[in-house]
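Report on one structure; see the data block that follows.
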Amino acid sequence: MTTPAGDTSAPIPSDANAGKAAIFDLDGTLLDSMHVWTDVDNEFLHKRGFDVPADYAESIAHLSFEGCAEYTIRRFGLPDSPQDLMDEWNRMAFDAYTTTVPLKPHAGEYLRHLKATGAKLAVATSLPPRFREAVLRRLGVYDLFDAFSSVGDVGDVSKDQPDVYLHAAAQVGVKPTDCTVFEDILVGIRVVKSVGMHAWAMYDASSKSHWPQIQAIADGVMHDFSEAPRIL
C-alpha cells in the first residue's frame, strides 16, 4: 500500500517506512541530467560525421557505461576502443555534474522524508562512481544514502537484468518485496517488477515514447517527487 505525497489527512509515524527500502536510479530519475548526455551524443557523433539516430538514446539507456561505448562502436563502425570513448565522454560530461546538474523537483525533501521515517536508501545506477559521488555531494544528499550499487559492481550486467537492483537491496539488507525502485526507463521498471519489487516511474522526456507502456506496468507514476509515495 502506498500513500501519495500530497495526502496530508493524517500524520505519518516516524517509523512508517521501517523495514522498507527505496532504490533510486540517478540519470532521468533523481537527477535532471539527461540533457547532458543528449549534448554529449550530439557533439560526439557530429564531430565524426553522424547524425544522432532517433532511437539511439533509448537503445543505450539500460546499458553500462562500457556497454554504451561498445554499442556505439559497433553501430557506427568506429575505430576507437571502448576506453577511448569512455574517456572522451567523461571529459565532456563531468563538468556539468560537478557544476550544474540539479535534482528533480522535490527530490531532496522526499529523500529526507524517507530517511526520517525509517527507510533505507540506495542508488542503482549505470553512472560511473566518480560522477555519482561528485554530483550527490554537491547537491547535499550523498550522506542520506545507505548504499550505492552500480552496474560495474555486478559484472557490467545492464539494467535489462535485475542484478544491480538486487545488489542494492542486499547491501541494505532488505528483501526485494519490501523494496520500491524509482526509475525512468521501461526495461528497468519491467525487470524490477519481475523480481517482486515495487516500481514507481519518473517521467523524463528521454523516455516519452515508452510512457504509455510505463504507465501500464508501474505501481505509480510521477512528474516530480511531490507525487511520490509517502509510505512505501
Spatial distance of atom OH (Y97) from atom CG (L136) [nearest 0.5 Å]: 10.5 Å
Validation row: I73, P82 side chains within 4.5 angstrom (heavy atoms): yes
Verify same cluster id: V192, V174 (apolar side-chain graph, 4.5 Å): no
4.5 Å side-chain heavy-atom contact, D178 and H198: no
Contact summary for D163 and V154, nearest pair of heavy atoms: O-CG1, 3.8 Å
Spacing of Y56 atom OH and D51 atom CG [to the nearest 0.5 Å]: 13.5 Å
Closest heavy-atom pair and its distance - I217, K193: O-CE, 3.4 Å
Distance under 6.0 Å and angle within 45° of ring axis: R130 vs F94: yes
Pair E43 + R91: basic N to acidic O under 4.0 Å: no
Six-ring centre of Y71, R75 cation under 6.0 angstrom, axis tolerance 45°: no
Verify same cluster id: L78, F65 (apolar side-chain graph, 4.5 Å): yes
V157 reachable from I189 in the ILVMFWY side-chain graph, under 4.5 Å edges: no
Sub-4.5 Å side-chain heavy-atom contact between T98 and R137: no
Side-chain donor/acceptor of S126 to backbone N/O of L63, under 3.5 Å: yes
Pair F145 and F148, ring centroids less than 6.0 Å apart: yes
Separation of T100 OG1 from R138 CZ (nearest 0.5 Å): 6.5 Å
Any donor-acceptor N/O pair, D84 side chain to S81 backbone, under 3.5 Å: yes
pair L111-L121: side-chain heavy atoms closer than 4.5 Å: yes
Same cluster (ILVMFWY, side-chain, under 4.5 Å), L26 and M202: yes
Aromatic plane relationship, Y110 with F182 - under 30° parallel, 30 to 60° tilted, over 60° perpendicular: perpendicular
Atom pair CG (N42) and CH2 (W37), whose distance is rounded to the nearest 0.5 Å: 13.5 Å
Minimum-distance pair of heavy atoms, taken over all atoms of S64 and G67: OG-N, 2.9 Å
Under 3.5 Å: donor-acceptor pair, side chain of N17, backbone of L114: no
Point-to-point distance, once rounded to the nearest 0.5 Å, from CZ of F131 to CG of L31: 12.0 Å
V164 and D153: CA distance, side-chain angles, deciding distance, side-chain contact (heavy atoms from CB on, under 4.5 Å) verdict: CA-CA 8 Å; V164 70; D153 299 323; over 6 Å; no
Side chain to side chain donor-acceptor pair (under 3.5 Å) partners of Q161, counting only residues at least two apart: none
Approximate separation, where rounding is to 0.5 Å, of T180 OG1 and D219 CG: 7.5 Å
Closest contact, heavy atoms only, V195 versus P176: O-CB, 3.8 Å
Nearest atoms (heavy-atom pairs only) where S149 meets H167: OG-ND1, 2.9 Å
Candidate pair L166 and M197, rule side-chain contact (heavy atoms from CB on, under 4.5 Å), full reasoning: CA-CA 9 Å; L166 293 173; M197 294 177 163; 4.0 Å; yes
Criterion side-chain contact (heavy atoms from CB on, under 4.5 Å) on M92 and D87, from CA distance to verdict: CA-CA 9 Å; M92 295 168 72; D87 288 345; over 6 Å; no
Close side-chain approach of F24 and V181, heavy atoms under 4.5 Å: no
Output field: ring centroids H223/W200 closer than 6.0 Å: no
S14 side chain near T117 side chain, heavy-atom distance below 4.5 Å: no
More than 12 heavy atoms of other groups within 6.0 Å of K159 NZ: yes
Same apolar cluster (I L V M F W Y, side chains within < 4.5 Å links), M86/V36: yes
Note, F225 side chain near E109 side chain (heavy atom, < 4.5 Å): no
Residue that, paired with K104, satisfies salt bridge (charged side-chain N to carboxylate O under 4.0 Å, His left out) out of D204, D32, D25, D224: D204
E58 side chain to S209 side chain, donor-acceptor N/O pair below 3.5 angstrom: yes
Evaluation steps, side-chain contact (heavy atoms from CB on, under 4.5 Å), between I12 and I231: CA-CA 8 Å; I12 296 175; I231 299 177; 4.2 Å; yes
Check: T38 side chain, M34 main-chain N or O, donor-acceptor pair, under 3.5 Å: yes
N/O donor-acceptor pair under 3.5 Å between S207 side chain and H210 backbone: no
L85 vs E66 side-chain heavy atoms within contact, under 4.5 Å: no
Shortest non-hydrogen contact from S33 toward G28: OG-N, 3.8 Å
Parallel, tilted or perpendicular: rings of F44 and W89 (30°, 60°): perpendicular
